[in-house]
Amino acid sequence: MLGNFSFCNPTKLYFGDESLNFLNTELPKYGENVVLIYGGGSIKKNGIYDAVIKILEENGKNVAEISHVMPNPTVDKLYEGVDIARKHHADFLLAVGGGSVCDYAKAVSVSVNCDEDPWEKYYLRFEEPTCETVPVGCVLTMVGTGSEMNAGAVITNPHTHQKIGHVFADEKIMPKFAVLNPKYTLTLPHYQMVSGVYDIFNHICEQYFSGEDDNTSDYISEGLMRSVIHSSCAANKDPQNYEARSNLMWAATWALNTLVSKGKSTDWMVHMIGQSVGAYTNATHGMTLAAVSLPYYRYILPYGVKKFKRFAMNVWNVDPAGKTDEQVAREGLDAMENWMKELGLVMNLKELGATEDMLEGIADGTIIMQGGYKVLERNEIVEILKESLK
Ligand code: NZQ
Ligand code: ZN
């Protein structure tokens with residue numbers, strides 16, 4: 001590993017089908033005014049809401065609620081939540097849901113005591129909080145984003161067609177704790193389950209496809225990717241397979257809790273393009289990534305053949321005998337394509353509601369990152385988008 005870095009991840013994890021009980025350990029550490037944050041109602045149907053409320057009551061908490069946090073939470077919803085948290089004098093924010101709810105809680109956390117407009121400060125100017133933040137805890141119900149153990153918070157501004165992620169530098173923005181009960185993910189619709197699977201896989205790819213040095217992060221990444229492939233196939237055949245779902249949950253957390261980015265310049269272009277697609281279509285995050293991935297990776301492959309060959313051999317067991325490096329590398333992406341199709345991922349932007357006339361705007365909204373094997377030009381993004389529409 002040739003890079004210089006620091007590593008600190010202060011989020012405490014409670015994992016397993018008994019893990020919700022540990023709210024009893026955590027809640028007493030914070031003040032009595034709690035804001036419970038959740039989505040459109042899945043937690044009311046599957047009983048998680050009742051279980052959480054019971055524990056909050058037993059701990060004597062004074063609870064206000066922010067409900068109906070939508071997938072791809074919007075800036076208007078953020079303003080509404082900040083208002084509720086201020087009026088409640090929130091001491092603690094408890095997010096119960098997927099990445100959208102966890103991200104949203106972090107965005108509220110940095111905005112409650114902020115005098116400036118949070119969209120402008122955190123998402124347009126990418127500043128760090130200069131005010132007191134409110135601690136966040138998380139009960140995860142959807143697997144994929146890694147938001148339960150990172151400092152990322154993605155917010156969409158539908159008025160300007162911008163979907164922007166801010167990964168805060170200060171680890172105090174990371175959740176203080178996260179409850180990871182794989183059983184909670186068993187009620188996810190198949191579409192959400194596989195979308196989350198691809199999100200995990202792509203998070204690892206985004207960090208793996210960068211750099212040339214011999215780096216421990218790459219070996220960890222290959223192990224995580226193999227685990228995700230294995231468990232996703234098992235979960236796809238039998239969505240009630242607890243063992244497979246628990247492995248996916250654990251892999252998702254480690255895929256994006258900063259560990260495998262250590263010593264890496266990291267790519268993140270699939271996410272940048274996918275996010276801009278999301279700003280135009282409001283499509284499910286993991287599916288936006290699935291739709292643009294193969295055109296992107298096939299395009300940059302010549303610039304990173306060595307790594308794509310390693311990916312083919314170490315992740316997809318491609319036999320290199322008698323083949324050129326580029327052939328081996330391309331076979332790896334073919335194997336990835338077969339796996340994606342087996343899961344039933346969306347492989348085309350059309351299915352997500354994107355149309356030809358949106359492509360220029362999507363390209364304009366794509367933030368160009370510098371850390372991958374090829375720094376893209378705007379016109380190359382348009383070409384990749386056109387390929388993703390075919
Ligand atoms: O709203 P409810 O009714 O709860 O339904 C949700 C939602 O419709 C449903 N769901 C969640 N848990 C469920 C369930 N349905 C049944 N049973 C359960 N146990 O699933 C739907 C999707 O939820 P959402 O939270 O939107 O999904 P996800 O976890 O994929 O989060 C997506 C958001 O996270 C951002 C994305 O951009 C997007 O805004 N990301 C955050 C990242 C981070 N913090 O580092 C990184 C990611 O790359 C990503 O960008
Ligand atoms: Zn993602």
Side-chain angles (χ1 to χ4, degrees), residues 11 37-49 51 66-75 77-78 95-107 123 136 138-158 162-168 173-175 178 180-207 239 245 248-249 252-253 255-258 261 266-279 281-290 292-293 367:
T11 303
I37 305 176
Y38 56 97
S42 67
I43 65 165
K44 292 205 167 163
K45 289 191 201 119
N46 57 23
I48 301 171
Y49 175 85
I66 303 172
S67 67
H68 293 96
V69 175
M70 62 290 276
N72 311 321
T74 64
V75 66
K77 187 70 185 174
L78 173 60
V96 183
S100 294
V101 172
C102 294
D103 278 18
Y104 177 85
K106 288 178 234 172
Y123 294 93
V136 170
C138 167
V139 176
L140 195 67
T141 67
M142 151 99 199
V143 164
T145 64
S147 186
E148 65 276 10
M149 203 186 190
N150 69 36
V154 184
I155 294 291
T156 297
N157 187 335
Q162 284 169 298
K163 181 175 183 182
I164 299 179
H166 187 153
V167 181
F168 289 93
I173 312 304
M174 292 178 180
L180 306 180
N181 183 344
K183 262 193 186 160
Y184 290 171
T185 68
L186 297 178
T187 56
L188 275 169
H190 181 265
Y191 189 87
Q192 294 296 341
M193 177 184 85
V194 295
S195 168
V197 165
Y198 191 70
D199 195 21
I200 308 170
F201 193 82
N202 192 253
H203 290 158
I204 307 168
C205 290
E206 298 274 31
Q207 299 163 94
R245 303 298 287 271
L248 289 171
M249 191 169 223
T253 302
L256 197 52
N257 69 357
T258 78
S261 69
T266 73
D267 183 351
W268 292 110
M269 275 317 296
V270 169
H271 269 69
M272 293 305 107
I273 302 172
Q275 274 174 208
S276 193
V277 168
T281 60
N282 198 24
T284 300
H285 171 66
M287 294 305 189
T288 64
L289 309 177
V292 302
S293 278
I367 298 170

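Numbering starts at 1 and runs along the sequence shown. Numbering of ligands and ligand atoms starts at 1, following listing order.
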Is the closest side-chain donor-acceptor distance between Asp199 and His285 under 3.5 Å? yes
Taking the side chain as C-beta and beyond, is there a heavy-atom pair between Thr185 and Met249 under 4.5 Å? yes
Is a side-chain donor-acceptor pair under 3.5 Å present for Asn72 with Thr156? no
pair Thr141-Ile48: side-chain heavy atoms closer than 4.5 Å: yes
Do Glu148 and Thr11 get their side chains close enough for a donor-acceptor pair, meaning under 3.5 Å? no
With a 3.5 Å cut-off and no angle check, do the side chains of Lys163 and Asn282 form a donor-acceptor pair? no
Non-hydrogen side-chain atoms of Tyr38 and Val69 separated by less than 4.5 Å: no
Do other residues, nucleotides or ligands put more than 12 heavy atoms under 6.0 Å from Lys183 NZ? no
Residue shell around ligand 1, heavy atom under 4.0 angstrom: Gly39, Gly40, Gly41, Ser42, Asn46, Pro71, Asn72, Pro73, Gly98, Gly99, Ser100, Asp103, Thr141, Met142, Thr145, Ser147, Asn150, Gly152, Val154, Lys163, Tyr184, Thr187, Leu188, Pro189, Gln192, Asp199, His203, Leu256, His271, Gln275, His285
Which atoms of the protein, restricted to N, O or S, are nearer than 2.8 Å to the Zn ion (ligand 2)? Asp199 OD1, His203 NE2, His271 NE2, His285 NE2
Can the ring centroids of His166 and Phe168 be said to lie less than 6.0 angstrom from one another? yes
